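The structure appears below as structure tokens.
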Amino acid sequence: MPELPEVESVRRQLDPELSGRTITDAWWDPIPTLPRQFHQVGLLPGRKIQGVGRKGKFLIAPLDQGLELILHLGMTGAFRFDRDDDWVRARLWLDDGRTLVFRDARRFGRIAVVEAGDYGSLPTLAALGPEPLSEEFDLRRFVADLGRTRSAVKPYLLSQRPVAGVGNIYADEALWTARIHPASRRVGPTRAAALHTAIRDVLSAAIEREGTTFRDFQMVNGESGRNASFLVAYGQEGRPCPRCTTALRRMVLGGRGTTYCPRCQRP
DNA sequence: AGCTGGGCCTGAGCGC
DNA sequence: TGCGCTCAGGCCCAGC
């Protein structure tokens with residue numbers, strides 16, 4: 001499941017390959033089953049890519065003529081060069097002779113071309129919280145946000161509003177690290193500060209290992225991330241908590257599988 | 001306005 | 001063997 005560390009790993013491989021390239025032609029699935037899967041992709045031929053940036057889980061590539069190319073990997077999205085198979089949903093031909101291919105078995109990924117900064121067609125991006133590994137991620141604002149919401153803390157993190165880029169894996173990891181029960185609706189300043197630190201630590205470590213490959217995630221060069229064997233909570237149901245040896249428990253929260261320690265993660 | 005729950009999609013894994 | 005069912009979770013959205 002591509003979250004911030006996985007998307008950042010893809011960005012680091014795509015940026016040097018795409019910077020300065022001009023898109024000569026574009027093809028995308030003409031009958032997308034999700035209405036917003038492809039948005040204005042027909043504007044791409046002739047556009048020059050200035051670089052590949054990232055906000056949360058969104059890749060954002062500035063183009064010429066004041067446009068931006070927005071790429072989202074969804075669940076199973078991946079970019080490769082010069083490949084072809086049944087899961088290819090879009091192709092961008094480049095002026096260096098190569099073809100950037102977007103593969104996406106489950107079709108949750110998205111490609112959109114928008115006026116720079118105009119994210120009306122992407123509401124999650126429009127309301128995206130601060131970048132966790134930048135100065136934007138202000139502790140006081142995070143404490144205030146957690147104090148104000150009436151949601152359980154994990155679904156709130158997954159909304160992308162208090163902080164950008166945290167998905168199901170790293171939410172479980174960060175909440176375990178901060179000793180907060182994922183269903184807690186009372187996260188005060190002290191625990192919010194611990195969570196703030198845990199989010200940064202968990203994401204930083206995962207980026208160093210080029211993300212978590214549970215099953216599907218692959219980078220542009222086809223390699224897997226190396227973070228899976230370092231997970232302490234996500235997918236570890238039944239295993240002893242590394243802190244207190246209590247068996248980790250699984251619950252469904254906000255429709256998402258959630259693993260936590262029933263002893264040392266407090267409500 | 002903020003929150004909740006259901007929906008989209010399809011490969012993998014399971015039981016029969 | 002193969003069929004049918006359930007599960008997985010990114011974002012979106014209708015309806016409180």
Side-chain angles (χ1 to χ4, degrees), chain A residues 1-11 28-39 54-60 70-79 85-90 102-112 114 119-129 141 144-175 182-187 203 206 211-218 224-225 227-228 231 233-238 250-260:
Chain A
M1 302 110 244
E3 305 178 28
L4 188 150
E6 292 73 34
V7 177
E8 175 61 16
S9 299
V10 169
R11 189 202 68 77
W28 64 99
D29 191 338
I31 313 175
T33 47
L34 297 184
R36 289 174 147 184
Q37 186 177 12
F38 302 109
H39 177 75
R54 181 189 57 73
K55 288 185 178 178
K57 305 175 197 176
F58 293 84
L59 292 167
I60 301 182
I70 313 293
L71 308 167
H72 197 290
L73 299 176
M75 282 288 295
T76 55
F79 289 98
D85 58 40
D86 290 346
W87 295 278
V88 171
R89 309 299 184 202
F102 179 58
R103 306 170 69 239
D104 186 17
R106 296 190 191 176
R107 300 176 188 265
F108 285 160
R110 295 179 60 180
I111 299 178
V114 301
Y119 303 140
S121 64
L122 302 112
T124 301
L125 178 57
L128 195 67
R141 176 178 159 187
D145 286 346
L146 285 176
R148 192 183 310 111
T149 184
R150 297 170 185 264
S151 297
V153 58
K154 180 180 172 181
Y156 187 52
L157 291 176
L158 297 186
S159 77
Q160 307 299 299
R161 282 181 283 123
V163 60
V166 176
N168 207 37
I169 294 175
Y170 301 109
D172 278 6
E173 296 297 296
L175 288 166
S184 175
R185 294 175 193 269
R186 296 174 182 271
V187 178
L203 295 178
T212 299
T213 297
F214 218 63
R215 199 169 60 200
D216 296 303
F217 170 65
Q218 285 191 344
S224 296
N227 194 60
L231 297 177
Y234 179 86
Q236 308 301 308
E237 178 194 9
R250 184 188 142 91
M251 66 184 295
V252 175
L253 186 59
R256 297 293 170 258
T258 298
T259 309
Y260 65 102

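Just so we're on the same page: letters track the sequence lines, and every chain starts at 1. As the structure is a computational prediction, the values presented were derived from the model and not from experiment.
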Should [X] and [Y] count as side-chain neighbours, where that means a heavy-atom distance under 4.5 Å?
X	Y	result
A:Y170	A:L157	no
A:F38	A:I111	yes
A:Y119	A:V114	yes
A:D172	A:T258	yes

What protein N or O atoms touch nucleotides 6-8 of chain C N or O atoms at under 3.5 angstrom, if any, and at what distances?
residue	atom	partner	partner atom	Å
C:dA8	OP1	A:R250	NH1	3.1
C:dA8	OP1	A:R250	NH2	2.3
C:dA8	OP2	A:R250	NH2	3.1
C:dA8	N3	A:R106	NH1	2.7

- Query: Got a sec, which residues hit side-chain contact (heavy atoms from CB on, under 4.5 Å) with A:R106, two or more places apart in sequence or on another chain?
  - Reply: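 By the side-chain contact (heavy atoms from CB on, under 4.5 Å) rule, A:R106 matches A:M75, A:T76, A:R215.
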Shortest non-hydrogen contact from [X] to [Y]?
X	Y	value
A:V7	A:P2	CG2-CB, 4.2 Å
A:L73	A:A78	CD2-N, 4.1 Å
A:G211	A:S9	N-OG, 3.9 Å
A:V153	A:P182	CG1-O, 3.3 Å
A:G165	A:Q160	N-OE1, 2.8 Å

- salt bridge (Lys or Arg N to Asp or Glu O under 4.0 Å) between A:D85 and A:R103, intermediate numbers included: CA-CA 8 Å; A:D85 58 40; A:R103 306 170 69 239; 2.8 Å; yes
Distance check needed: [N] [atom2] versus [X] [atom1], whole Å only.
X	N	atom1	atom2	answer
A:L71	C:dG10	CG	P	18 Å
A:F108	C:dC12	CZ	P	12 Å
A:E3	C:dC11	CD	P	9 Å
A:D104	B:dT10	CG	P	9 Å
A:L128	C:dC12	CG	P	11 Å
A:D216	C:dG10	CG	P	12 Å
A:L122	C:dG10	CG	P	17 Å
A:F214	C:dG10	CZ	P	12 Å

Taking N or O atoms only and anything under 3.5 Å, show me the protein contacts with nucleotides 14-16 of chain C, one pair per line.
none

- Task: Name the orientation class of the two ring planes belonging to A:F102 and A:F79 (parallel below 30°, tilted from 30 to 60°, perpendicular beyond 60°).
- Result: tilted
- Please list, by residue number, the residues of residues 144-164 of chain A whose heavy atoms come closer than 4.0 Å to an atom of DNA chain B; answer none if no residue qualifies. A:T149, A:R150, A:S151, A:R161
Do any side-chain nitrogens or oxygens of [X] fall under 4.0 Å of OP1 or OP2 in [N]?
X	N	result
A:W87	B:dT10	no
A:R185	B:dT4	yes
A:H72	C:dC11	yes

- Item | SB check A:D104 A:R107 (cutoff 4.0 Å) |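 No, A:D104 and A:R107 are not salt-bridged.
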- Message: Can you give me the bend angle of the helix from B:dG2-C:dC16 to B:dC16-C:dG2? Use the axis through the first five pairs and the one through the last five, nearest 10 degrees.
- Response: 40°
- Residue set satisfying ring-ring contact (aromatic ring centres under 6.0 Å, His included) with A:F58, at least two apart, ordered chain then number -> A:H72
